[in-house]
Amino acid sequence: MPGCVWLEGAGTGGQSPAHLSRIPISLISTSTDCANSTVKGKVVHKGPLVPLSANDFILKIVIEESDSSSNASSQNSSINVVLFGKLAKTFSQAVSQGDVVVASGFTVGKSPTVHKDKLHPCNLLLSGDDANIYVSRQPPPPDPRSSPATKRSTTNPTEVSMNPKTPKYTYIRLGHLKPGSVVNVFGVVVFFKQPFKSRGTDFCSSLKITDQSNQKISCTIFCEKLEDHPKIFQIGDIIRMHRMKTQFFNDSITLINTHGFSVVTFDGSVGRDVEPRTSSRSFHFDQDDRRTVEELRSWAASQALLPPVLTIPLSDVQPKAYFDLTCQLLAKAPIDTTCTLLRVWDGTKCPRTLLKVIVEPDVTEGPSSFSKKKENLIANVFVYDNHVEFARQLKPGAFLRIYNLRAIPGSNKAPGLTSSPSEEGDHLGFHLHGGTAFGRGIRVLPENSPDVQQLKRVIEAFSEDEETDIPELNDSEMYEVWCTPPESLDGETEKSSTERRCSHDIQPVTLSEVKQSEPGQVHHVRVQLRSYEPHRLHQALKLYCSKCTSMQDVPDDELVAGLFSEASKDSGPCSPPPWVLSGRVDVPGDSLGSLKRALHIHLSSQLISEGKTKELIYLMGSTLEETCQLADNYQNIIPVRSSGGHLTLLDLAAPFLFRGAKRYYGCKRCSEPALRELCAERVEVIDEKIVAEALGVQLLQFVLLMKLELQDATDTLEAFLCRDAVSFRSYLKSSSLWIK
DNA sequence: GCTTAGGGTTCG
């Protein structure tokens with residue numbers, strides 16, 4: 001049965017949904033009798049297939065009530081469906097957006113994303129042997145000539161057509177085109193322009209295609225709606241067009257769309273999924289189409305007819321070059337009526353200094369500033385004239401491909417903007433000039449495209465490595481993190497004796513089973529994340545004492561500054577220990593007329609004799625700000641104060657050690673602080689552990705603590721996720737779970 | 001109502 005796929009769970013199953021009763025999506029609730037029900041709907045969104053381990057996957061789709069007779073309220077007629085395991089993979093390969101699916105053997109859960117996506121308050125979960133999902137592809141229009149009408153009035157779109165009289169399209173080779181005919185063609189795209197506004201009523205797409213006959217044919221497509229235009233992402237994509245009219249122009253034959261025109265495009269890379277790209281509600285696609293696409297892919301690969309790679313990352317950009325950039329939009333700001341600034345990145349570092357642009361925060365859409373490290377990766381793209389209108393509709397976060405972008409060195413003059421001084425005049429700015437020559441334009445790439453998937457991996461790798469700028473996770477990212485157990489990742493996860501982890505040989509259990517079981521056991525659960533706290537990750541950062549297992553918040557700067565200020569006021573006579581050498585610097589008072597303050601710096605005579613003069617100092621009388629400034633020059637700074645005529649450490653609520661930008665804290669309960677001389681003779685690097693030990697301080701660890709609310713079909717459960725926060729990467733890669 | 005464009009680098 002072409003166009004029909006039965007997919008089943010791992011069990012024998014095979015029960016036809018016809019034996020079950022169908023329930024409308026709007027009537028689904030957690031009390032639905034799942035065992036005897038089916039749900040039918042059209043796939044309106046298909047998420048990426050997320051691998052969990054070798055044979056385990058997760059896939060999220062959204063289906064919509066497609067039965068016009070249903071009086072479902074529009075609010076609840078779309079529902080999230082989550083598939084697990086092998087079923088997710090098989091289904092992902094078989095299904096396309098627009099297909100109608102029938103599911104059975106599901107469970108109903110509460111949708112954790114209801115507030116965000118405004119879809120049905122429940123979701124359907126398909127996992128295990130009982131889960132089945134049946135896919136039926138939309139039948140092609142019965143008659144090409146009546147196509148425009150049937151396309152708009154698909155009165156019974158859920159009817160699974162087995163009609164043997166389904167017309168078979170015939171495709172003509174590009175070398176055999178005759179003027180004055182209407183044809184269906186396949187081709188490899190060798191040139192294209194994104195749709196642009198014509199002087200008439202429509203958008204116009206202009207492209208050139210070729211096939212095994214080696215003819216290159218120019219095509220023009222006029223459509224009023226952008227979504228009806230071909231979704232071409234790059235040269236080499238494969239295109240199928242129905243009802244194109246042949247026409248002579250400039251001594252060659254060209255193709256132009258005519259009534260009933262339809263188009264589908266495909267990725268042109270050999271080996272990739274043959275996934276039709278279309279927003280058409282009804283289109284024909286069968287095994288013959290798949291074969292044609294694959295033949296064209298291999299042929300194109302053997303022809304070297306495609307130009308050298310146009311799409312390059314920022315790390316490979318050469319000044320003055322034109323190139324295509326695949327990137328994520330972070331922020332944008334209008335400059336004037338003919339120019340808009342797009343701030344983008346692709347996670348790679350351009351070897352040239354990038355043009356810095358300072359934009360007023362109130363005109364910026366998206367964040368107006370980023371961490372220094374991220375800022376260094378951000379390319380400022382000026383788009384001009386006809387592209388401004390398109391840029392206006394872009395949303396920060398979107399994944400884009402910008403075609404025929406130009407890297408321009410030394411152009412640090414941006415209209416109406418202040419920019420950083422650039423004596424060297426070598427800062428790279430990026431310009432998308434006006435016009436559409438050479439396919440100049442911008443396209444939003446869908447999240448599931450392989451290029452976006454690749455881009456996301458690079459971006460994520462950057463975010464994981466970045467310790468200073470912990471990104472805020474949104475629901476779906478958190479969901480993915482949650483769905484990625486540590487054992488599915490590479491072997492980088494380090495073993496720790498205090499860490500317990502489950503493995504995939506442990507059968508998943510339901511949350512209600514977990515709640516009923518004895519404490520202290522290890523469980524493997526498959527659940528959804530209902531909510532999590534805190535919402536900003538930096539708020540999840542805590543200080544943890546491994547000795548007394550207490551946990552506390554990281555003191556904020558205001559509090560720490562207060563402790564420094566309070567400590568510096570005690571300026572009574574002080575006799576430093578015999579093993580230090582002391583110096584003093586006078587600094588101006590804080591305000592006019594106030595007294596000068598003295599900064600006391602003590603060095604260990606032992607360390608001086610070892611030649612380690614910059615490695616550790618004891619600092620007295622400084623403000624927090626001054627301490628931070630000095631931390632740029634000294635590897636270790638231990639703040640000290642005078643107390644009862646002796647040199648002592650500050651209150652342990654303040655950091656006992658500054659190492660560069662990092663601050664270290666000690667546990668008040670477990671430390672026995674005393675100022676002792678530090679011996680570093682056999683030590684290569686004086687680090688926080690050595691200092692803590694010498695000072696009798698019990699070092700506190702930075703940890704990330706999150707509270708998660710989990711749910712499955714049986715129950716909900718609060719769980720705490722806790723991990724050493726030395727790097728965010730290790731947090732993501734090896735999280736342990738304690739169940740309350 | 002039945003056109004629009006018909007590739008080929010920039011003002012910034």
Side-chain angles (χ1 to χ4, degrees), chain A residues 148 177 179 182 187-210 215-226 228-230 232 234-235 237 239 241 243-261 305-308 310 317-325 333-342 355 357 359 379-388 391 402-417 419 425 427-442:
Chain A
L177 295 176
V182 173
V188 181
V189 175
V190 292
F191 169 78
F192 70 103
K193 282 183 180 184
Q194 296 301 331
F196 58 92
K197 199 92 189 83
S198 74
R199 284 167 210 249
T201 57
D202 297 335
F203 282 96
C204 176
S205 284
S206 182
L207 55 140
K208 194 173 268 179
I209 60 172
T210 189
Q215 286 290 318
K216 288 194 174 63
I217 302 292
S218 293
C219 312
T220 305
I221 294 159
F222 292 109
C223 288
E224 203 172 350
K225 291 185 192 156
L226 271 177
D228 295 334
H229 281 261
I232 304 170
Q234 62 189 340
I235 286 174
D237 280 355
I239 188 167
M241 292 178 284
R243 297 170 209 94
M244 295 291 281
K245 189 169 63 182
T246 56
Q247 215 169 57
F248 248 114
F249 179 76
N250 272 354
D251 293 333
S252 34
I253 213 152
T254 61
L255 289 168
I256 184 162
N257 63 319
T258 179
H259 301 294
F261 158 79
L305 57 85
L306 306 178
L310 296 172
V317 165
Q318 294 299 319
K320 296 187 181 173
Y322 289 95
F323 67 106
D324 295 347
L325 179 67
I335 302 295
D336 58 40
T337 53
T338 67
C339 180
T340 291
L341 172 71
L342 301 182
L355 174 73
V357 182
V359 188
N380 288 302
V381 177
F382 297 99
V383 310
Y384 293 100
D385 304 341
N386 52 317
H387 310 297
V388 167
I402 307 178
Y403 300 90
N404 199 237
L405 188 58
R406 188 160 198 218
I408 300 192
S411 56
N412 61 340
K413 281 180 290 173
L417 291 166
S419 48
H427 293 56
L428 270 195
F430 297 87
H431 294 233
L432 184 69
H433 293 298
T436 64
F438 279 84
R440 210 173 284 150
I442 305 175

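Keep in mind that what you see is a predicted model, and the values were worked out from it rather than measured. Chain letters run A, B, ... following the sequence lines, proteins first and then strands; every chain starts at 1.
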Open item on the list: Please give the distance between the C1' atoms of B:dT10 and B:dG6 as a whole number of Å.
Closed with: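 It works out to 23 Å between them.
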TODO: Report yes or no: do A:T436 and A:K193 form a side-chain donor-acceptor pair below 3.5 Å?
DONE: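 Checked: A:T436/A:K193 side chains pair up, N/O donor to acceptor below 3.5 Å.
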Open item on the list: Please tell me whether A:D336 and A:T338 have a donor and an acceptor in their side chains that are separated by less than 3.5 angstrom.
Closed with: yes
[X] [atom1] to [N] [atom2], straight-line distance once rounded to whole Å:
{"X": "A:K245", "N": "B:dC2", "atom1": "NZ", "atom2": "P", "value": "14 Å"}
{"X": "A:H387", "N": "B:dG12", "atom1": "NE2", "atom2": "C1'", "value": "12 Å"}
{"X": "A:E224", "N": "B:dC2", "atom1": "CD", "atom2": "C1'", "value": "12 Å"}
{"X": "A:D336", "N": "B:dG12", "atom1": "CG", "atom2": "C1'", "value": "9 Å"}

TODO: Check the angle between the aromatic planes of A:H431 and A:F382 and answer parallel, tilted or perpendicular using the 30° and 60° thresholds.
DONE: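 Answer is tilted, since the angle falls between 30° and 60°.
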Open item on the list: If I compare all heavy atoms of A:L342 with all of A:A391, which pair ends up nearest, and what's the gap?
Closed with: CD2-CB, 4.2 Å
- [ ] Give A:G435 one of three labels, base, sugar-phosphate or nothing, depending on what nucleic acid heavy atoms sit under 4.0 Å from its own.
- [x]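 Answer is nothing: A:G435 stays at 4.0 Å or more from every strand.
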- [ ] Kindly say whether A:C223 contributes a backbone atom to a donor-acceptor pair with the side chain of A:H229 at under 3.5 angstrom?
- [x] yes
Task: Under 4.0 Å protein heavy-atom contacts per nucleotide of nucleotides 4-9 of chain B, with B for base, S for backbone only and - for none - done: BBBBBB
